[in-house]
Amino acid sequence: MSAAAASAKVAAGRPLVVSSFQEWRSAARDLLMHEVAPERVTWNEVGTHAADLFSGAPDPAPSADNAPAGLTPLQPALPKRPSIPRALMDMLQSAACCRMPDRWAFLYRVIWRWQHGEHDVQSPADADGARLHAMVKAVRREEHDMHAYIRFRERPLEAGPPQFAAWFEPRHDVLPQVAEHFKDRMGNVTWMIGTPDASVMWDGATLHHTGPLMKSAADLDDAGEALWLTYYRSIFNPARVNAQLMQSHIPSRFWKNLPEGAIVPQMVSNAELGARSTGQAQAVGRKSGATIPIAPADAQPERQQPSKLDECRRCELWQFATQAVGGEGPKKAQIMLVGEQPGDQEDLAGKAFIGPAGQLLDRVFNAAGLERREIYLTNAVKHFKWEPRGKRRLHKTPAQREVEACHYWLDKELAAVKPKVIVALGATALKSVLGSGSAKLGESLGKAIRLGDRWVVTVYHPSYILRVPDEATKQAAFKVMVDGLKLAQSLLNRPPEEPPA
Ligand code: URA
C-alpha cells in the first residue's frame with residue numbers, strides 16, 4: 001500500500017490492510033498529515049480482509065466526490081510532516097511485534113495523541129502508555145525466551161545446508177530480530193529457524209525470510225540431538241533440583257520443543273525416588289553402598305573436564321557469549337592479574353582487557369612503572385555474561401556457581417604460569433582467587449595476603465573507577481590501584497614467609 005493510498009482508502013470507507021511495521025508507518029504518516037482521526041480508520045491484518053487483499057481496484061484519490069455518504073471529506077495534505085521522537089518510534093516498532101488483534105489501531109491512536117500534544121501517552125502513568133510499555137515488555141521477553149530456549153540441531157552432512165535447524169513457537173512476531181541475533185552470534189555456519197508462521201534461513205552471507213516451511217519440531221533432522229541429551233544428562237544434578245523452580249524458570253510451553261524436555265521429568269523422578277543417594281543421577285554417580293549426605297558442590301564426579309576453553313560447558317554462559325576469552329601474557333609472568341569477566345569488546349575480539357577497562361588499566365600500569373607485556377592478564381570467568389538493554393549488551397555480574405565452575409580454568413593458568421603475585425581486580429576476582437566467603441573487598445584492598453607460596457594483592461576493578469561519578473573518588477581509587485601494583489612489584493623479591501613491610 002502506498003503512503004498516499006491510506007488516506008484515500010479511509011475516504012472511500014475501506015479498511016487499511018497492513019502486514020508490517022513499515023507499511024503501518026507510511027500509512028500512519030499519511031493519515032496524520034491528512035488529520036484523519038483514529039475513530040475513522042479501520043485497520044486489518046493481512047489475511048483478515050480477503051476482498052482487500054485480492055481486489056485489484058486502484059486506490060481512489062481522496063476528494064469530496066468519492067467520499068461515501070456520511071463521511072466528511074479528508075483535509076488536504078498539510079505541508080508539515082509529522083515528527084515523532086526516535087524513542088517513541090522505537091517503542092512503537094517493538095510494540096508492533098506484539099500479537100494483539102488491534103495493534104495497528106492502538107499504535108495509531110498513540111501517535112495521534114502524541115501529535116496532538118498529549119505527550120503523556122508515552123508515560124506508563126497513562127492508560128495507553130501503560131499498555132504500550134506492557135506490549136514492549138512482552139515482546140522483549142519473548143525475544144529473550146527465544147534466545148534462551150531455542151535449540152539448534154545439527155543436520156546430517158548429506159542432507160545439505162543448512163547445517164543447523166531449529167523450531168520455535170513464538171508468542172509474538174520476534175523472528176526477524178532473533179534472526180539478526182543469531183546471524184551475529186553463529187558466524188559462518190548455515191542455519192534455519194522454523195516457526196508456525198514464518199521461517200528464516202542464513203546461508204552464511206544473507207538472511208532469507210520466507211513463509212512457514214515446517215509444521216512442527218518433528219520436521220527437524222535430529223542428528224545433533226543424541227549429543228545434546230548426553231550433555232544435558234551429564235550436567236543434571238538432582239541434588240540441586242527444585243522442579244518447581246525449574247518450571248518457573250523454563251515455562252512449560254518451551255519444554256515440549258527442548259530436546260532435554262523429554263528426559264527431565266524422568267530424571268527428576270529418579271532423583272526423588274532415591275537416585276539422590278548417590279548425589280547424582282544414575283548416569284553420573286558411581287558411588288555405591290550406604291547413603292551418604294553429599295554437598296552439591298562435591299557431587300560432581302563427572303563434571304565436564306574440557307581440554308579446550310572453547311569447548312567448555314561447565315556452566316551455561318557459553319551459550320550467550322561469542323567466544324571464550326582466555327588469559328594472555330608471558331608464559332612465566334611473575335605477576336598475574338585477574339579481572340572479573342570479558343566485557344562486550346573483549347567478547348567480540350576474543351582478547352582480555354582491550355575495552356575501556358583495559359585502557360584504564362594501561363594508565364594504572366604506566367603510573368606504577370609497569371608494562372602490560374610483563375604481566376599475565378586473565379579473568380575469573382572466561383565468558384561474557386550480559387543482559388540486553390536496547391541494542392546494547394550490558395555486563396551482568398557472574399553468579400557464584402559460574403565463578404566456581406570457571407575456577408577450573410584459573411587453576412590451570414596458575415599451575416602453568418606459576419606467578420609469584422596475583423593481583424585481584426575487584427570482588428569477583430578476589431572470591432575466585434581466595435574462595436568465596438574468605439575475604440571481603442573492603443578489608444583486603446591494598447593489602448598483601450599470603451596464599452600458599454604466593455601473594456595476593458587486591459585492588460579495585462577498573463570499571464569501578466569508570467563508573468563512580470565524582471572526581472575525588474575516582475582519583476582515590478586510581479591511587480589504590482597504582483599503590484597495589486607497586487606493592488605487587490615489591491613482593492616479587494620477598495618470599496611469602498616474610499611478611500610485607
Ligand atoms: N573487565 C574485566 O574484568 N575483564 C576484561 O577482560 C574486561 C573488562
Side-chain angles (χ1 to χ4, degrees), residues 309-310 312 314-315 317-318 320-330 333 335-366 368 370-389 392-414 417 419 421-434 436 439-441 444-446 456-468 474 477-478 480-482 484-485 488:
L309 188 53
D310 276 339
C312 187
R314 291 175 59 83
C315 73
L317 294 185
W318 65 273
F320 311 105
T322 308
Q323 57 197 312
V325 180
E328 216 174 89
I335 301 180
M336 179 184 283
L337 198 137
V338 182
E340 185 192 73
Q341 60 165 352
D344 184 71
Q345 295 191 28
E346 287 81 8
D347 168 79
L348 295 172
K351 282 173 156 310
F353 287 107
I354 56 149
Q359 283 151 22
L360 195 134
L361 210 47
D362 284 333
R363 286 175 44 212
V364 175
F365 290 152
N366 203 11
L370 273 167
E371 297 217 31
R372 180 189 269 247
R373 61 185 162 80
E374 301 170 55
I375 300 171
Y376 188 93
L377 292 173
T378 191
N379 283 299
V381 171
K382 313 294 194 222
H383 281 111
F384 178 35
K385 181 172 182 179
W386 56 277
E387 58 189 347
R389 185 73 52 84
R392 294 173 56 215
R393 300 187 298 167
L394 281 200
H395 157 276
K396 207 167 168 202
T397 306
Q400 186 56 32
R401 66 176 186 289
E402 290 149 357
V403 176
E404 277 167 17
C406 218
H407 196 268
Y408 173 81
W409 294 108
L410 186 60
D411 264 349
K412 278 186 184 281
E413 290 174 300
L414 287 169
V417 180
V421 182
I422 303 171
V423 178
L425 300 182
T428 304
L430 180 65
K431 271 192 228 156
S432 174
V433 172
L434 295 186
S436 66
K440 299 240 177 326
L441 180 67
S444 315
L445 276 175
V456 177
V457 175
T458 309
V459 297
Y460 286 113
H461 191 283
S463 311
Y464 170 70
I465 302 186
L466 294 172
R467 225 178 25 237
V468 283
K474 263 189 207 303
F478 189 85
V480 170
M481 290 193 76
V482 174
L485 285 183

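We count ligands from 1, going down the list as the structure has it; atoms in each ligand are counted the same way.
- Heavy-atom contacts of A352 reach the following atoms of ligand 1: 6 (O) (cutoff under 4.0 Å).
- T458 places none of its side-chain heavy atoms less than 4.5 Å from the side chain of L434.
- When heavy-atom distances to ligand 1 are checked against a 4.0 Å cut-off, Q341 comes that close only through its backbone atoms N, CA, C and O.
- Here the closest heavy-atom approach between residue L485 and residue V423 is recorded as CD2-CG2, 3.8 Å.
- Short contacts between ligand 1 and G339, defined as distances under 4.0 Å to a heavy atom of the residue, involve ligand atoms 3 (O).
- In this structure, the side chain of H407 engages the main chain of S432 through a donor-acceptor pair within 3.5 Å.
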Legend entry - Derivation of the side chain to side chain donor-acceptor pair (under 3.5 Å) call for H383 and E402: CA-CA 10 Å; H383 281 111; E402 290 149 357; over 6 Å; no

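- In the vicinity of N379, heavy-atom distances shorter than 4.0 Å reach the ligand 1 atoms 2 (C), 3 (O), 4 (N), 5 (C), 6 (O).
- You'll find the side chain of T397 reaches within 4.5 Å of the side chain of T428, heavy atoms only.
- Counting atoms of ligand 1 from 1 in the listed order, those under 4.0 Å from a heavy atom of G343 are 7 (C).
- Between K382 and E413 there is a salt bridge, with a side-chain nitrogen of the basic residue lying less than 4.0 Å from a carboxylate oxygen of the acidic one.
- Less than 4.0 angstrom separates some heavy atom of P342 from each of these atoms of ligand 1: 5 (C), 6 (O).
- Checked by distance only, ligand 1 and F353 come closer than 3.5 Å through their nitrogen or oxygen atoms.
- Ligand 1 does not have G355 within reach: every non-hydrogen atom of the residue lies 4.0 Å or more from it.
- The closest approach between a heavy atom of H461 and any atom of ligand 1 is below 4.0 Å.
- Looking at heavy atoms from C-beta onward, D344 lies in side-chain contact with L348 at the 4.5 angstrom threshold.
- When non-hydrogen atoms are compared, ligand 1 lies under 4.0 Å from the backbone of E340 as well as from its side chain.
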